[in-house]
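Everything below concerns the one structure shown next.
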Amino acid sequence: MRIDIITCLPRLLESPFNDSILKRAQAKGLVTVAVHDLRAYATNKHRTTDDYAFGGGAGMVMMIEPIDRCIESLKAQRTYDEVIYMSPDGELLTQSMANELSLKGNLIMLCGHYKGVDERVREHLVTREVSIGDYVLSGGELAAAVLSDAIIRLLPGVLSDETSALTDSFQDGLVAPPVYTRPAEYRGWKVPEVLLSGHQQNIEQWKLEKAIERTKSRRPGLFPQENS
Ligand code: SAH
């Protein structure tokens, strides 16, 4: 898989991809993440990528031309499955969306800034718009990093324990059960007995019960039958 991220602030994306799981995934050749500085595609002499909004109003707008030139140059090199614009009013990121996108080959993620991008970018150059939640960030970079992380950790071979991603919250329509590690007792706070019992069937049963209990109390919407 390949993810190309277009941004006017490439440095914001340095650290998320240079540590831990995302770094290892790239080192193992399971994913390529390429960050593109929009300024390199600017056409004016000051290399600006934003301008005042037509009609006035506070805040700058990202210009279409550098974005178009950048996307064009990427598309000249390979075919993309989606050109995603990170946007607070986009489709809400969910686990099932991450699952779906993890099956794609090449993705472009476009990060907005200021007031966002010229609307014509959204109308003509973008195939999909994704939001990471109903709140406004100052730029799309952190959102693109979140989306990339959610996707990359699902790629086969990225997580060392193959079953790990499958047992995370949302994968089976349930949130994850509680987890514990040593010591078995700390300040009198004990780990549930069953987890120490060594009885695998009871342990699995307990985990399922806890997952159901938690989902009902924390994410009742994940139970479709209770929504209707
Ligand atoms: N004026 C816009 C907000 C622009 S925020 C509005 O009111 O909708 C600047 C940029 O940050 C956006 O272009 C987008 O790329 C990114 N961004 C902000 N919040 C986001 C969110 N919740 N999810 C994804 N991207 C977001």
Side-chain angles (χ1 to χ4, degrees), residues 1-17 22 31 33-44 46-75 80-102 104 106-154 168-170 219 221-222:
M1 167 173 255
R2 181 180 167 105
I3 300 176
D4 288 279
I5 306 180
I6 303 174
T7 169
C8 55
L9 293 168
R11 283 201 317 202
L12 274 179
L13 287 161
E14 276 168 19
S15 75
F17 295 102
L22 300 191
V31 64
V33 179
V35 176
H36 305 277
D37 187 351
L38 255 191
R39 278 175 181 272
Y41 298 86
T43 48
N44 54 32
H46 296 296
R47 297 227 161 263
T48 48
T49 55
D50 59 298
D51 207 336
Y52 295 99
F54 277 128
M60 303 296 279
V61 176
M62 287 175 66
M63 298 186 287
I64 188 168
E65 195 177 359
I67 295 172
D68 189 28
R69 283 165 45 114
C70 184
I71 293 175
E72 279 300 307
S73 87
L74 290 172
K75 282 186 173 171
Y80 285 90
D81 297 290
E82 301 278 10
V83 178
I84 300 170
Y85 173 50
M86 305 311 303
S87 181
D89 61 4
E91 241 180 292
L92 272 181
L93 173 59
T94 58
Q95 189 59 47
S96 71
M97 187 199 292
N99 292 348
E100 184 209 328
L101 291 174
S102 75
K104 308 276 188 193
N106 300 315
L107 300 173
I108 290 177
M109 297 182 192
L110 170 64
C111 307
H113 244 275
Y114 321 110
K115 276 280 143 192
V117 297
D118 186 305
E119 186 65 18
R120 291 166 293 183
V121 169
R122 304 177 66 171
E123 285 170 359
H124 304 291
L125 306 181
V126 156
T127 60
R128 197 156 178 176
E129 304 192 330
V130 176
S131 166
I132 63 161
D134 286 347
Y135 42 81
V136 177
L137 304 166
S138 46
E141 290 75 15
L142 297 179
V146 166
L147 177 59
S148 301
D149 185 314
I151 293 170
I152 293 170
R153 66 193 298 284
L154 297 171
D168 281 330
S169 289
F170 310 114
R219 292 290 185 277
L222 290 179

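Atom set for the values below is all heavy atoms of this structure, side chains included, hydrogens, waters and symmetry mates excluded. Whatever order the structure lists them in is the order used to number ligands and atoms, beginning at 1. Note that the structure is predicted; figures quoted are calculated from it, not measured.
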Pull out every atom of ligand 1 sitting under 4.0 Å from any heavy atom of Val136, numbered as shown with elements.
3 (C), 5 (S), 19 (N)
Which atoms form the tightest heavy-atom contact between Leu92 and Met97, and what is the distance?
O-CE, 3.3 Å
Kindly give the heavy-atom pair with the smallest separation between Glu100 and Arg128, and that separation in Å.
OE2-NH1, 3.1 Å
Counting only heavy atoms, tell me which of Gly112, Ser87, Gly59, Pro88 gets closest to atom 6 (C) of ligand 1.
Pro88
Are any non-hydrogen protein atoms located under 4.0 Å from atom 8 (O) of ligand 1?
yes
Closest heavy-atom pair, Val61 versus Val117, reported as atoms and distance to 0.1 Å, is CG1-C, 3.9 Å
What is the closest protein heavy atom to atom 11 (O) of ligand 1, and at what distance does it sit?
Gly139 C, 3.1 Å
Number the atoms of ligand 1 from 1 as they appear, then name those within less than 4.0 Å of a heavy atom of Ala143, with their elements.
24 (C), 25 (N)
Min side-chain heavy-atom separation Val35-Glu14 under 4.5 Å
no
Proximity of Val130 to ligand 1 by residue part, where a heavy atom lies under 4.0 Å:
backbone
Counting from 1, what ligand 1 atoms have a heavy atom of Tyr114 closer than 4.0 Å?
4 (C), 5 (S), 9 (C)
Tell me, which protein residue and heavy-atom name are nearest atom 23 (N) of ligand 1, and how many Å apart are they?
Ile132 N, 3.1 Å
Is Asp89 close enough to touch ligand 1? Criterion: a residue heavy atom under 4.0 Å from a ligand atom.
no
Looking only at heavy atoms, which two atoms of Arg2 and Ala34 are closest? And how far apart?
NH2-CB, 3.6 Å
Using side-chain heavy atoms (C-beta onward) and a distance below 4.5 Å, is His113 in contact with Thr49?
no
Whether Asp81 side chain and Asn106 backbone form a donor-acceptor pair below 3.5 Å:
yes
Just by distance, no angles: are the side chains of Ser87 and Glu129 close enough, under 3.5 Å, to form a donor-acceptor pair?
no
Quick one: closest heavy-atom pair of Pro88 and Tyr135, and the distance?
CB-O, 4.0 Å
Using a strict 4.0 Å cut-off to heavy atoms of Gly133, name the atoms of ligand 1 that fall inside it.
22 (N)
Per-atom filter on ligand 1: closer than 4.0 angstrom to a heavy atom of Gly116 are 13 (O)
Check this for me - ligand 1, Tyr85, N or O atoms closer than 3.5 angstrom, yes or no?
yes
Under a 4.0 angstrom heavy-atom cut-off, which atoms of ligand 1 come close to Leu137?
5 (S), 9 (C), 11 (O), 18 (C), 19 (N), 20 (C)
salt_bridge(Arg120, Asp118) N-O dist < 4.0 Å
yes
Decide whether the shortest distance between a heavy atom of Ala144 and an atom of ligand 1 is less than 4.0 Å.
no
Counting non-hydrogen protein atoms only, what is the nearest one to atom 2 (C) of ligand 1? Give residue, atom name and distance.
Lys115 O, 3.7 Å
Report yes if Met86 has an N/O atom closer than 3.5 Å to an N/O atom of ligand 1; otherwise report no.
yes
